[in-house]
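Just below is one structure, and these are the notes that go with it.
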Amino acid sequence: MATSDHEGVTVVKEMGLVSNVFDDRTLSSLPGDLAIGQTRYSTTGSSQWRNAQPIYRGVGDNEFALGHNGNLVNTAELADNAGMLPGTVTSDSDLVGELLALELAKHPHAENPLKIALEQVVPNLRGAFCFSVMDRDQIIGIRDPQGFRPLALGRLDDGGWVLTSENPAMDVVGATFVREIDPGEMVIIDENGVSSHRPFDDAAIDPKLCLFEFVYFARPDTRLYGQNVHQARVRMGEHLARHAPVAADLVMGVPESGIPAAEGYAKASGITFGHGLVKNRYIGRTFIAPNQSLRALGVRMKLNPLKENIEGKRLVVVDDSIVRGTTTKAMVAMLREAGATEVHLRISSPPYKWPCFYGMDTGTRGELLAANLTVDEIRGYTGADSLSYLPLDQLLESIGAVNAGFCDACLTGNYPVDIPVNLAKHVLEVDGTSDGDNGAATLLDIAPIGAAD
Ligand code: SF4
């Protein structure tokens, strides 16, 4: 987190869970009435303290802190163009901090040097970025011209303003949703209130919200493009039931994001809905664990079968996606061990075949099950009796945001922002320092499925 009392910017950041880093004592030592916070999810740049956010820079009399949600794809080119030596910066967000600092140094006495620096820097960035940037007297929010990741504006009862990735965070602090920030929009929050600015050319604006925000990423109580995410997931399940019916005794969802689609499947099919797996609420999402051995361990720690509900039953098991297949294979085996007589997998999105470069760390193409195998081969690999995916047109219909633009690159390979052929996770790190995964490989490489699963 970074805060300001208009005298100076204070930054406190650590590795680990928010609840481990911030206690009452730490929070009470953070002064001021302006604040930003960011829990970093490592895409470009390894998981190390230096890459934790907010990024901070002090330049002469100016200073700022920056939080970044998303992932840039032209980091190497930007670092090259700025003449930076290898290792000067270690993540895409650190690079943006450095570029802003360089610009800030050129305009020390301007009325708003941070605004000018952002207007100079952000049009050169490619990829996904929602930034929250603050100095002593203002908070600036920016959403990239595609709007890959969400950003919304809210208002507190006392007149204060809030920017969040997802609107449920506003409920937590008692703020009311005002509106989504437009793709390519910059908002400045200062003592005069909120002002809106457009630092990108009109031609650059091309809305492509991440489709997986609806499928998996976003909280169910989030609203995106005016649609409630939970309701969209229920509709995905209803479509799936009509698209891929099967005779079964129980429909269950894979916690948490598979459950709304399972409800929809049960509703449309008339098969009883129930719970077959209990999630350990203290373990995070497994694909986010930064290496494969931690991910595999995570599956066993994360899900436990509810034997009494599934023994002797033919199950429809609804999940949102299969990325590497680690969770799915282990889960099918667990359900069979717990007495399920049949396991029919139903996935509420199309096969995930292409890596994401815009903020979801799914590894290389070689790690993606559907990039390497046919649907029937995936069924065989997971050990399920049958497997069906929701087609793309039905997924879009389920979301209901008619004529809204979406990124679907991980499903179709149509990347809305071009990807450099040599893009890799540790592109900025001189010694290939990594958190144990294979980020040194080019992300589009195809390698056979092997030890990874
Ligand atoms: S590639 Fe997939 S996960 Fe990445 S932004 Fe696009 S839709 Fe979302």
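Counting starts at 1 for both ligands and their atoms, following the listed order. Just so you know, these numbers come straight off a predicted model, no measurement behind them.
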Open item on the list: I want to check a possible cation-pi pair here: K267 against F273, using under 6.0 Å from ring centre and within 45° of the ring axis as the test.
Closed with: no
- [ ] Kindly assign one of parallel, tilted or perpendicular to the pair F212 and Y352, based on the angle between their ring planes and the thresholds 30° and 60°.
- [x] perpendicular
Open item on the list: Could you check whether R198 pairs with D182 (Lys NZ or Arg NE/NH1/NH2 to Asp/Glu carboxylate O, under 4.0 Å)?
Closed with: yes
Open item on the list: Return the closest protein heavy atom for atom 1 (S) of ligand 1 as residue, atom name and distance.
Closed with: C410 N, 3.4 Å
Task: Atom indices of ligand 1 within 4.0 angstrom of L211 heavy atoms, with elements - done: 7 (S)
Open item on the list: Under 2.8 Å from atom 4 (Fe) of ligand 1, can any N, O or S atom of C356 be found?
Closed with: yes
- [ ] Output the list of atoms in ligand 1 that are nearer than 4.0 Å to some heavy atom of A409, sorted by atom number.
- [x] 1 (S)
- [ ] Assess the side chains of E98 and T88: does a donor N or O sit below 3.5 Å from an acceptor N or O?
- [x] no
Open item on the list: For the residue pair S398 / R233, report whether a side-chain donor-acceptor contact shorter than 3.5 Å exists.
Closed with: no
- [ ] Have a look at ligand 1 and work out which part of R149, if any, has a heavy atom under 4.0 Å from it: side chain, backbone, both or neither.
- [x] side chain
Task: atom 6 (Fe) of ligand 1: nearest protein contact (heavy atom, Å) - done: C407 SG, 2.3 Å
TODO: Could you tell me if any non-hydrogen atom of K208 lies under 4.0 Å from any atom of ligand 1?
DONE: no
Task: Contacting atoms of ligand 1, where contact means under 4.0 angstrom from a heavy atom of C210 - done: 3 (S), 5 (S), 7 (S), 8 (Fe)
Open item on the list: Check the orientation of Y225 and F406. Use parallel for under 30°, tilted for 30 to 60°, and perpendicular for over 60°.
Closed with: perpendicular
